[in-house]
Structures are given as C-alpha cells and as structure tokens.
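Beneath this line is the structure, given in structure tokens, with notes to follow.
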Number of protein chains: 2
Amino acid sequence: MVTIKDVAREAGVSVATVSRVLNDNGYVGADTRKKVMEAIAELNYSPNEVARSLYKRESRLIGLLLPDITNPFFPQLARGVEDELSEAGYRLLLGNSDENIQKELDYIQTFVQNNVVGIITATNHVDYKIYEALDLPLVLLDRASENYPAVYADGREGGLLAAKTLIKKGAQRITLVKGPTNIKPAQDRYKGAIEELSQADVDFSVLSTTSYSFEDAQGWAEELFDKFPDTDGIIASNDIVGIAIVHEALERGKRIPEDVQIIGYDDIPQSRLSYPTLSTIRQPAYEMGREAAKLLIRTIKKEPGVEQTIQMPVELVERKTTRKE
Amino acid sequence: MVTIKDVAREAGVSVATVSRVLNDNGYVGADTRKKVMEAIAELNYSPNEVARSLYKRESRLIGLLLPDITNPFFPQLARGVEDELSEAGYRLLLGNSDENIQKELDYIQTFVQNNVVGIITATNHVDYKIYEALDLPLVLLDRASENYPAVYADGREGGLLAAKTLIKKGAQRITLVKGPTNIKPAQDRYKGAIEELSQADVDFSVLSTTSYSFEDAQGWAEELFDKFPDTDGIIASNDIVGIAIVHEALERGKRIPEDVQIIGYDDIPQSRLSYPTLSTIRQPAYEMGREAAKLLIRTIKKEPGVEQTIQMPVELVERKTTRKE
DNA sequence: ACTTTATCTGTAACCGGTTACACATAGAGG
DNA sequence: CCTCTATGTGTAACCGGTTACAGATAAAGT
C-alpha cells in the first residue's frame, strides 16, 4: 500500500505538505504543489479513508437500513438514496433488518463503529432506545416520527384516495386488505381507507394479512376470494398483493375491471407490466430516497433552517384494473 | 464517544489489558477480566472499528458492486450475499455501477480506501486494469472469467434449454430476443439459444435490444410484434422483457400459450405473479449470492483448496406461457 | 532600517485501537 | 534454595492520516 509518507519522500517534502495539497488547505507553494501532484500521480496514491476517518472522527460513509431489499419498493428508495449521496461524495453501508430488532441493533452498532456520518432508516423500531443514544444525524425514510426528520408519503391520504376512487367508480362491496400490523405505513393507509369507507354508502370487509412477501401474496389472494367471493372492489395492501389478486381474479374467471376492480399501492415498476396493468396509488419512491439523502446531507452540513419533515405527494395512477368512470 | 481508555480507567487497568479481553488473546487474570467486562457493560462500550481497521490493515467490510439494484434480479443476489456475509460478521459497502466504467472505478477505489477485505462484483469490466492492481480477494458474481473465482449460472445451457423447450412444445416461428451486447451473461444465453435454433428444424428471427429496464421493456415488446406479428414462440432476454411481451401479446388479442408461447429468463419473484404465470429459465439468484459470499470468505480466510469457479444449475420452470406438451 | 504580516514548510501530537516487549510474580522442578 | 517457566500486566510504538505550532523567509508598511 502506498502511503502519504511514500508520496512525501518521492516529492521531497513532509507529510504535512502532502496533506495540505490533498485537502487544499493551508499555504502551499506553487511548485511544491506541482511536485506533490506529480508524486501522487507517479505512485498512483489515494489516501486511506480509514486513517482520515480515525483522526477526523467522521467518515464519508452513511448507513442505510432497509427492511428487505428484495421487496421491490425498497430498491427504488435505495437507488434514490445512493444516487444523491454518491453525487455528494458519500458512500453507502447497507443493511437489511427484516423488521427484526436484533438485526437492526446490530447494524446500527456497525454504523456507529464505522464512524458513519449519518443514518437513513426505513424501519419501525425508531422509538427504541438505541436511537435516542445516537448523536448522529438520522433521517427516517418511508416512516414518520415526532422525534426525527423524516421523508414519507402520506399513507392516510393514499388510503383515502384508494377508497374514494373505488367508490367513485361504482364498487359496492369493497374488500380492504390490511397489511402487516407492525408496519406503520401499512396501517396509515389502512386507516385512511377505513375512514373513507365507513362514512360512505358501501359495504366493505377487511382481510388481515401478515406479510408483503411474494411467497405469501398468492395465498392472501386465494383467501380473499374464498372469503369474499362476490367482492367487486379490492384495495390491496400494496402492489405485490395487488398483482397477486389480479392474477387470482383472472384465474377464477372474473373480468377486470367489469366484475371486480382492484387498486394497488406503491406503483412499483412491474405494476405497469402486469396484465391488465394495475391501477395504484403511487408513492414516488425514488424521489423519496433522494429527498431523504438531501435532507441528511443538509443536516450533516448543519445548514440552517433544515426542514424536519418532508411529506411527499401520493398520486392515483389509473390503469386498467379500475373502470374508466 | 467512549473509548478503550475510558474502559481502562473505569476498570483500573491498562488499555492493553482491555484489548486483550476484547480480543480474547494473551493472558488475562480471571478477576481482571471480570472487572473489565463490568466496565465495558457499565460504559456501554463498543470498540471503534476504524481504529482497529487502521492498525490491522483490514476491516470487516466487503464491497459489493452491482449494475443496478433496481433490476429485480440483483436484489436477490444482494440479499444472498448479505445474509451469508452478515452471519460471518462482515458488513456490506454497496455500489451501483450502471455498467459505467467511471462509477465502477470510483467504487473500487472507495472499497480500497476503506480497507475492505474483499470484493464481490457483478459487472462487465473485470478485465479493466484496476482489478489487476488489486491485491484483494475478488469474486465475480453472475459473471465468468479466466482470472478470478466466479459464481455464475450457465448461460449457454440456459439458452439451449429455452430454445429446446419451445421447439419441443411445437413452436415453428421462434423469435429470439437478444439482450444488450455489453452484458456478458445476456450474450451467453443468446448464443446458447442460437446454437440450438440453428440446427433445429424451425424458422427463427432475432430482435436486438439494448436494455433491460422496465421503462424500455414495453417498447421492445411492441417492436417485436410489429416486426414479427406471426411469431408463435418467443425467447425473452429476461423475465422483465418476458412479462412485457406477455402483456403486449394479450393486449393484441393473442392467446397464450395457444397462439404464442413465451419463455423468460431469471425467474424473478414476480414471474410467478404475472398473468399468465411466466415459464422461464431459473437462475438461483439468492443461492448464487450466498455461494459467492461463501467463496469470498473462504478465500479471505485462505482456506486450502478453494474452488475457483462455481457454476450453478439452470432450470426450466414450466408455468403457463408454454404449452403442456 | 525596522517592524509587521503573509506565505511556506516541517515536527510532532493526536485519533483509538493492537501488540511487541519488558517486567513482575508465583508455582514447579531440581 | 535456586532456576525455569507460565502467567499476568503495563509501556510505548505503530497504523496513516490531519493539524496545531513553530520557525523561516520574503514582501509590505512605517
């Protein structure tokens, strides 16, 4: 490994001088700078971030904690975060928590141990005490909180919108799929939908589910039609479940959207590719990731007047699983 | 931040002793150990990985470079890698390269600067010189190479299998979708299919595509049916494109699999949820990730007799877009 | 001509760990 | 009783950077 000492020797100066040209601070003579630059190029030197991080007590690393990168909503978030951060020179330490407290704690500890300058987390245990003890900039993503800056889309609004849409389009016997209880945003959109449904002039029923995974989605879809065979409007807990429901509906010979309308949530990329294309409530995942990263960077740089919370707009995307009016 | 010195003071011993109990090496008296443990618990101390990494010249970090986490094939790989690594106490530094050389170089440099102990890369520029200069354990994932250990599935075999399947099931005018030229595995499976098709007794044509993205997939599908409206068997370049083609076929009133059979590649989770469910050539992505991580760990630990290359089996998954015989 | 100030550079301390080495003590073996 | 070895602990150097501080020189101000 070539170190700053090697460069110093090659350039015939001290390490302090090399460090000055590297960081472009302090006084350095023009020709000295040139010699150093040449030595750096000659030796193909690049500074050891670990040493720098140790002295400065901060790295250029940022910790990103997601529930599960395998769920297609999260790669979008992650990508938004990464694009924004990498443009600003930060790098990503990634963890999947599976909504498991122990894993979450482990990753948080890793982040701290590695001197990350900030953390972005999309998990549900933010009220756990380890976060309190943390004196690091923290931004919640896809989660809201009183105590920390956060970027999220309005779940209640989304739920409201989904329900309104189905009602407006004439659904009479709506089935609402309730997402996992321990996932906050799932509950928000559920409550939003309930709010709208309870005051509207329609029948509705609720199907409780406990996961978002691909493996289980089909099971929920089957259960739904077994329990509520004559439903004519379904609000899915997310697009994965929505697509599974569309699939199962067709399998059972139902016409979409004539017999049954289905509305998803998230607008993951594959919703555009499903058949028929899935109507859904869009969350701007990629942009949410970017905003979270921006917010974190501003917090890190201690810029004044940084917003505590950014609520992203939720939007109805009408495709082919809802009627044309 | 609480440091080893604080612990030493609290326990009334030297930092060396604390370090010895932390690492469980050297001699430490039983009661001294107890005092130190108590101090650690008392102060809620956890060692600074950065300092450790600096002295030892190695961290517990591993760099993972992927083309694009947003493509649903890669989260599977990433998750496999992560699960295996985190069980072994390693953590992940993640980068998306977009198959862009500059980004790739930047990330490799970051990895080196952060003292990663190994790198797993799923990109196409492995022959670029920066990898040669690297004296770090390196494992290729979803890519083959003469020069580095690699974990990949047999693309040629997969292509062969896809073509054989369609032929056996009676397709007469097959369209082969050729993936992006710069993506190696895409070319392997393309060549495998060509190999089979050329010697079989069927007509076939080729549609060249230049991306795998969701945005473009539908465009390819439209182009395909515009150019080859009477094709009755399609080998898609991957599942995303495959699903888009299924979608477009239905849109154009074709019956699947009666009028046209379609076979995808990868077996991403959503292929099971498409309608009709997509027949495809499965690559065991999650397991590939795990194997790559295992291989890397063994290389890092310098275990003897580590295989250079692991070729994972490719498998036909028959679902509803191919005929029952 | 003398002080002041700006510019340039090097020495050494420091970040928080790990470990080589020295030293002390105690029990074992002769 | 004396040596030898095993055990236990502390001191200080070290990893590769950054930066406070000091010293040197030259230009500017009076």
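Order of the sequence lines fixes the chain letters, A, B, ..., with proteins taken first and strands second; residue numbering starts at 1 for each chain.
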To the nearest Å, how far apart are B:K34 NZ and D:dG8 C1'?
-> 18 Å

When you measure from every atom of DNA chain D, which of residues 15-32 of chain B have a heavy atom less than 4.0 Å away?
-> B:A16, B:T17, B:R20, B:Y27, B:V28, B:G29, B:T32

Nearest-angstrom distance from the residue atom NZ of B:K5 to P of D:dG10 = 15 Å

Are OP1 or OP2 of D:dT19 and a side-chain N or O of A:K56 less than 4.0 angstrom apart?
-> yes

Side chain to side chain donor-acceptor pair (under 3.5 Å) partners of A:T123, counting only residues at least two apart = A:E104, A:T121

According to a strict under-4.0 Å criterion, is B:S14 in side-chain N/O contact with OP1 or OP2 of D:dG10?
-> yes

Pairs meeting criterion salt bridge (Lys or Arg N to Asp or Glu O under 4.0 Å) with involvement of residues 92-102 of chain B, two or more places apart = A:R79-B:D98, B:D98-B:K103, B:E99-B:R143

Only counting residues at least two apart or in another chain, list the ones meeting side chain to side chain contact (heavy atoms under 4.5 Å, CB included) with B:Q308.
-> B:P149

Minimum-distance pair of heavy atoms, taken over all atoms of A:D142 and A:P185 | O-CG, 3.2 Å

How many Å lie between CG on A:N114 and P on C:dG16, as a whole number?
-> 15 Å

Residues in side chain to side chain donor-acceptor pair (under 3.5 Å) with B:S14, at least two apart?
-> B:T17

Residues in side chain to side chain contact (heavy atoms under 4.5 Å, CB included) with A:E287, at least two apart?
-> A:R282, A:P284, A:M312

Check the distance between D:dG16's P and A:R9's CZ and give it to me in whole angstrom.
-> 12 Å

Got a sec? Which of residues 39-51 of chain A come in under 4.0 Å of DNA chain D, heavy atoms?
-> A:Y45, A:P47, A:N48, A:A51

Pairs where residues 54-65 of chain A contributes a residue and the test salt bridge (Lys or Arg N to Asp or Glu O under 4.0 Å) is met, not counting sequence neighbours = A:E49-A:R60

Gap between atoms CZ and C1', on B:R52 and C:dG16 respectively (whole Å) = 11 Å

Axial bend angle, the helix from C:dA1-D:dT30 to C:dG30-D:dC1: five-pair end segments, nearest 10° | 50°

Flag yes if more than 12 heavy atoms outside B:E146 fall under 6.0 Å of its CD atom; otherwise flag no.
-> no

Can you sort out the partners of B:K34 under side chain to side chain contact (heavy atoms under 4.5 Å, CB included), two or more places apart, ordered by chain and number?
-> B:E38

Contacts satisfying salt bridge (Lys or Arg N to Asp or Glu O under 4.0 Å) that involve residues 84-94 of chain A (not counting sequence neighbours) are A:E84-A:R290, A:E87-A:R290

Would you tell me if any nitrogen or oxygen in the side chain of A:R33 comes within less than 4.0 Å of OP1 or OP2 on C:dC8?
-> no

List the atom of B:D6, the atom of B:M1, and the distance in Å for their closest heavy-atom pair.
-> OD2-O, 3.8 Å

Send over the distance from B:L54 CG to D:dT18 P, rounded to a whole Å.
-> 12 Å

B:I101: partners by side chain to side chain contact (heavy atoms under 4.5 Å, CB included), with sequence neighbours left out = B:L105, B:H125, B:Y128

From CE of A:M1 across to P of D:dG16 the rounded distance in Å is 6 Å

Walking DNA chain D from its 5' end, the first of A:T3 and B:G12 to be reached, judged by nearest nucleotide, is B:G12

For A:I4 and D:dC15, what is the distance between atoms CD1 and P respectively, to the nearest whole Å?
-> 14 Å

